[in-house]
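So the structure is just underneath, and the comments pick up after that.
These numbers come from the heavy atoms of this one structure, side chains and all, not from hydrogens, waters or symmetry mates. Order of appearance sets the numbers: ligands from 1, and atoms from 1 within every ligand.
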Amino acid sequence: MVSSPLLVSLTLFLSLPLLLFLSPHILSPPDADDLTLFRRAAAPHTTSHLSATPKIAFLFLTNSNLTFSPLWEKFFSSSDHHHRLFNIYIHADPTQNIAFPGGGVFHHRSRLVPAKPTARASPSLISAARRLLAAALLDDPLNHYFALLSQHCIPLHSLQFTHNFLFKNPTHPHKSFIEILSNEPNLFDRYTARGEHAMLPEVPFSSFRVGSQFFILTRRHARTVVRDIKLWNKFRLPCVTEEPCYPEEHYFPTLLSMQDPNGCSGFTLTRVNWTGCWDGHPHLYTAPEVSPELVRRLRESNSSSYLYLFARKFAPECLRPLMEIADDVIFRE
Ligand SMILES: *[C@@H]1O[C@H](CO)[C@@H](O)[C@H](O)[C@H]1NC(C)=O
Ligand SMILES: *[C@@H]1O[C@H](CO)[C@@H](O)[C@H](O)[C@H]1NC(C)=O
Ligand SMILES: *[C@@H]1O[C@H](CO)[C@@H](O)[C@H](O)[C@H]1NC(C)=O
């Protein structure tokens, strides 16, 4: 299914030994290829072209088809000089039969990063996000923001608006947009999911945080993540309880709040609707709910400095109604 223009990270790929696909539920020794990748990405890079337009690296983490790729195609081609504003990286679960967007800007600008299977309730989603960050760090020194998205995410604004919000907004210079919460009611159960004392001494309970799995990190924080070994060695331990086990909702907020709390906004720019949900799955929007009014409501936040750039979680059937309002509503601003 993968056509050759997608496989741009070829040198990266060839430098790695053949992978053994281990079950993500079993604690495996750190894979040598991942370690090599993270080490290379964490090394200081010379930042050239300081005067060039900085880019957003869009990181798609998926285990199914990218249903909304026609909408993203419109997003990526919505501005005249769009090609200078972004790069796209895709981590697609190799055990699924995934078809990739054909033709267009999305297709030509996507790089497939060497991927491994992902599963809920295991650290595999953290590993996948780290692989995406590492590949994007190495690929282009102009990648200054790194936005993690899934196949259920949609854009709420045009590419130019998104780029201006991140790079030209004086209220949050060089901050990461990641939710960091310490008041979740079952936080202690989440902390002890790997065993009562498993996180000690590196992560005392007072440092343990929770937040949305979807974030936008600065280049500095992307490097903090790929450089980290200490916390990763804790968070990659398997859960001993079935519930609540959501490693990816803890690793990134905990690491960044321990290392650089002032460099984080504490706020995610990806809107999600948890109203009336308690089973670990947020509200899944269906086609009849899609309207210009919904898009406007999803953009609004209670904060005076922030708004939402992306939203989740949308059922595949939403593609048609979303495409109908794309030009007049979503990418109008
Ligand atoms: C992705 O789409 C292709 C057809 O376009 C289909 O054959 C395949 O089963 C789909 N994969 C998944 C994981 O749904
Ligand atoms: C959030 O989801 C609930 C249903 O669970 C729905 O009633 C409500 O309208 C949704 N809110 C927004 C802003 O879409
Ligand atoms: C804003 O605050 C109100 C009241 O606390 C809440 O009902 C609403 O969901 C919040 N909206 C967002 C976007 O967080």
Heavy-atom distance under 4.5 Å between the side chains of F106 and F100, does that happen here?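 The answer is no; the side chains never approach within 4.5 Å.
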
Atom CZ of R299 and atom CG of L309: how far apart are they, to the nearest 0.5 Å? 10.0 Å

When you look for protein heavy atoms under 4.0 Å from ligand 2, which residues do they belong to?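 Ligand 2 pocket, heavy atoms under 4.0 Å: R271, N273, T275, H283, Y285, L294, R297.
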
Could you say whether the N/O atoms of N65 and ligand 1 ever approach to under 3.5 Å? yes

For K313, side chain to side chain donor-acceptor pair (under 3.5 Å) partners two or more places apart: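 Counting only residues at least two positions away or on another chain, K313 forms no side chain to side chain donor-acceptor pair (under 3.5 Å).
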
When every non-hydrogen atom of S158 is compared with those of F75, the smallest separation belongs to C-CE1, 3.6 Å

With heavy-atom distances below 4.0 Å as the criterion, list the atoms of ligand 1 near N97.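 Reading through ligand 1 atom by atom, the close ones are 1 (C), 7 (O), 8 (C), 9 (O), 10 (C), 11 (N), 12 (C), 13 (C).
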
Answer yes or no for R271 and F310: cation-pi contact, defined as NZ/CZ to six-membered ring centre under 6.0 Å and angle to ring axis within 45°. no

Is the NZ or CZ atom of R130 both under 6.0 Å from the centre of the six-membered ring of F38 and within 45° of that ring's axis?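 Yes - R130 lies over the ring of F38, closer than 6.0 Å to its centre and within 45° of its axis.
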
Are a donor atom and an acceptor atom from the side chains of S64 and Q151 found within less than 3.5 Å of each other?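 Yes, because at least one side-chain N or O of S64 sits under 3.5 Å from a partner of the opposite role on Q151.
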
